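Below, each value reflects all heavy atoms present in this structure, side chains not excepted, and no hydrogens, waters or symmetry copies. Here the structure is a predicted model, which is why all the values come from computation and not from measurement.
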Amino acid sequence: GLENDSIAESTDTTTVIVNAERPAVELDLEISEFSGLKWSEHLDLNKNNLSKEATIALTAPPSLLPTDEIELSWVYGSSTRHTRVSVHYSNEGNIIYPAGILGMIYDKVQHKQLYSMPHIDEITALDVDIHTGLAVSGHKGVGVITVCIWNTKDGSIVRYLDCGSVNGIATVKFSPNAQYITVVCQDNDHTVLVFNVPDGRLLASYRNGSKKPLCLTYSLSEYTNTTSGTTTTTTSSNSISPIRILQGGYLHFKFLTFYPSRSTIYGKTGSYGSDVTKSNVNCVGALPLQPGSDGAEASGNEFLLGMNDGSIGIISKGESKVGSFVPTMKGPVTAMYVVKLKDGTSDEPPSYKVVVGGINGSLKLLDQELQPLLEWNLYLNPIYGLQPLGRVRGFKSLCVDKLNRKILYATAGGEIGEIDIHSGSDINAGPLVTSHFRDQLHGLCTHPLRQECITSGDDKTCLLYTSPSPRDRQK
């Protein structure tokens with residue numbers, strides 16, 4: 001019988017006026033003995049006449065509404081199933097990853113979370129530049145889509161980049177010196193946009209075509225110091241050398257060449273070879289190059305392609321055709337990370353290793369010849385604590401810390417964890433982050449006494465969450 005209650009207008013937006021013209025009729029409330037007595041004791045009400053107490057409360061004089069805002073205490077889960085290469089280390093060693101509309105900053109030593117809230121819809125792409133401490137993320141949705149640059153130290157927003165009505169962002173990538181950001185959109189043309197990081201200007205755009213893009217990386221060629229061989233991160237913003245970018249995707253890969261001096265970008269479709277069946281390129285990696293002597297161009301292998309048929313394609317410097325394919329996995333190669341060990345010189349090539357992940361929990365550490373040094377299966381050993389249903393799509397992101405000690409992985413099962421790069425042992429006694437990972441969440445129930453809740457969803461799992469206090473936050 002409360003449908004006809006009216007609220008009078010007030011110039012004070014924090015004050016709600018209850019209509020005083022309505023007679024104060026005592027309400028006939030059906031309140032169970034158990035719940036009524038419990039709540040009356042808690043609220044210090046007259047337990048012998050709860051209907052009268054309710055009437056008094058509903059016809060009380062005007063009062064100020066509370067102005068306290070809800071503060072986010074803890075975020076459970078991640079969006080690793082729907083994103084690629086989206087989990088990274090920051091310069092401080094914290095873990096950066098997307099969770100819905102949030103960019104997460106997790107300090108596992110202090111067991112503390114910070115958040116960046118730059119988006120109005122689910123994040124679909126995220127990249128981090130460890131040297132500048134910046135992250136860039138994009139989201140899906142309708143209308144104008146924005147890409148946001150934010151700080152990985154405190155989550156503060158640096159600036160927004162307007163991408164227009166493009167349905168969402170497929171992938172984003174910093175250039176090696178963090179001077180540029182390349183964005184691939186989810187519109188019909190899969191438009192490529194190149195932005196200038198310092199001022200947010202749109203420098204160039206390119207209509208990519210109808211084939212779906214999945215991954216993106218910059219060549220290290222223009223960032224290799226021809227004197228010392230080091231990969232620089234402070235190349236002048238006035239550099240006029242063209243910059244080569246590799247894009248991989250559904251049944252194709254493409255080379256994008258960006259000319260900073262002319263603010264233009266061109267594309268050229270890559271070649272698999274005449275006798276090779278086209279396969280999806282699920283992930284890509286840029287290799288450190290050997291600098292030339294006396295100012296000559298760098299040389300060596302430039303890119304790696306992680307193929308859906310389980311092989312890795314090798315592309316030499318300046319080429320657009322795959323030179324060779326090396327069989328690596330029994331199933332698709334779904335994630336890749338290049339670990340640089342030593343810069344090259346004009347007399348000696350650089351040293352590196354490659355971490356690759358696939359489906360069914362397969363994870364391998366490869367040498368420069370792409371031969372396995374170590375390999376593990378994270379689903380066969382229960383100590384890793386991974387959900388079996390996540391193995392179908394495999395690893396979605398791989399990263400190695402700046403001291404080359406730990407592999408940070410993210411799975412299609414919504415888990416984020418770390419293993420030792422030399423032994424493969426689990427560092428944290430299970431994943432640091434677990435979550436539901438498939439379609440919808442259908443059930444949520446809170447514990448009547450403890451600060452716990454349990455959830456269930458289409459992934460056929462139940463998760464028990466505890467309050468954000470001492471180490472045991474999630475089971």
Side-chain angles (χ1 to χ4, degrees), residues 78 80-88 97 171 212 214-217 246 248-251 253 272 276-287 303-315 322 324-339 352-400 406-426 431 437-438 459:
S78 68
T80 59
R81 179 179 176 85
H82 308 294
T83 57
R84 296 173 184 269
V85 201
S86 62
V87 181
H88 305 267
Y97 63 95
T171 183
K212 182 179 180 180
L214 300 175
C215 47
L216 191 74
T217 192
L246 172 63
Y250 179 74
L251 296 180
F253 63 95
Y272 289 82
V276 179
T277 302
K278 290 185 178 181
S279 176
N280 294 350
V281 179
N282 298 320
C283 51
V284 291
L287 297 175
F303 294 114
L304 298 178
L305 308 175
M307 309 302 296
N308 206 56
D309 61 7
S311 65
I312 293 179
I314 304 173
I315 299 175
V322 178
S324 62
F325 290 94
V326 179
T328 305
M329 296 282 191
K330 292 183 178 180
V333 179
T334 58
M336 175 187 298
Y337 188 86
V338 178
V339 185
Y352 60 87
K353 296 178 181 178
V354 182
V355 182
V356 293
I359 63 173
N360 297 320
S362 180
L363 198 62
K364 294 185 179 183
L365 181 65
L366 310 178
D367 62 16
Q368 291 186 208
E369 304 299 324
L370 301 183
Q371 299 304 307
L373 297 171
L374 297 168
E375 55 184 293
W376 312 278
N377 192 308
L378 272 58
Y379 285 98
L380 294 182
N381 192 334
I383 192 174
Y384 295 105
L386 301 183
Q387 294 286 350
L389 288 178
R391 65 194 304 170
V392 178
R393 292 192 179 183
F395 292 97
K396 303 291 285 187
S397 182
L398 292 171
C399 185
V400 174
K406 302 177 293 184
I407 298 173
L408 177 67
Y409 67 83
T411 72
E415 299 120 337
I416 299 174
E418 296 175 305
I419 65 171
D420 186 275
I421 196 171
H422 302 293
S423 65
S425 59
D426 185 68
F437 57 88
R438 183 178 179 183
D459 58 2

Item to check | Residues that Ser324 engages under side-chain hydrogen bond (donor to acceptor under 3.5 Å, both in side chains), provided they are two or more places apart | outcome: none

With a 4.5 Å cut-off on side-chain heavy atoms, are [Y] and [X] touching?
X: Thr83; Y: Lys396; value: no
X: Ile312; Y: Leu366; value: yes
X: Ile314; Y: Leu304; value: yes
X: Leu378; Y: Phe395; value: yes
X: Ile419; Y: Tyr409; value: yes
X: Val276; Y: Val322; value: no
X: Arg393; Y: Thr334; value: no

Side chain of [X], backbone of [Y]: donor and acceptor closer than 3.5 Å?
X: Asp420; Y: Ser425; result: no
X: Thr171; Y: Cys215; result: no
X: Ser86; Y: Tyr97; result: no
X: Thr328; Y: Val326; result: yes
X: Asn280; Y: Asn282; result: no
X: Asp459; Y: Phe437; result: yes

Next on the checklist: Tell me if the OH atom of Tyr250 is crowded by more than 12 foreign heavy atoms within 6.0 Å.
Outcome noted: no

Find the distance between [atom1] ([X]) and [atom2] ([Y]) and round it off to the nearest 0.5 Å.
X: His422; Y: Leu373; atom1: NE2; atom2: CG; value: 11.5 Å
X: Lys353; Y: Tyr337; atom1: NZ; atom2: OH; value: 14.5 Å
X: Leu386; Y: Tyr379; atom1: CG; atom2: OH; value: 5.0 Å

Shortest non-hydrogen separation from [X] to [Y] and the atoms involved:
X: Ser279; Y: Met307; answer: O-CE, 3.7 Å
X: Glu415; Y: Gln387; answer: OE2-N, 2.5 Å
X: Thr80; Y: Ala410; answer: CG2-CB, 3.7 Å

Next on the checklist: Assess the residue pair Val85 and Leu216 against the criterion (side chain to side chain contact (heavy atoms under 4.5 Å, CB included)); give the C-alpha distance rounded to whole Å, side-chain angles, the decisive distance to 0.1 Å, and a yes or no.
Outcome noted: CA-CA 10 Å; Val85 201; Leu216 191 74; over 6 Å; no

Checklist outcome for this item: The single option from Val87, Leu408, Leu363 that satisfies side-chain contact (heavy atoms from CB on, under 4.5 Å) with Leu398 is Leu363

Item to check | Side-chain H-bond candidate by donor/acceptor type, Ser362 with Asn360, under 3.5 Å | outcome: no

Checklist entry - Given Ile407 and Trp376, is the side chain to side chain contact (heavy atoms under 4.5 Å, CB included) satisfied, shown in steps? => result CA-CA 12 Å; Ile407 298 173; Trp376 312 278; 4.1 Å; yes

Next on the checklist: Can you classify the ring geometry of Tyr272 versus Phe325 as parallel (below 30°), tilted (30 to 60°) or perpendicular (above 60°)?
Outcome noted: parallel

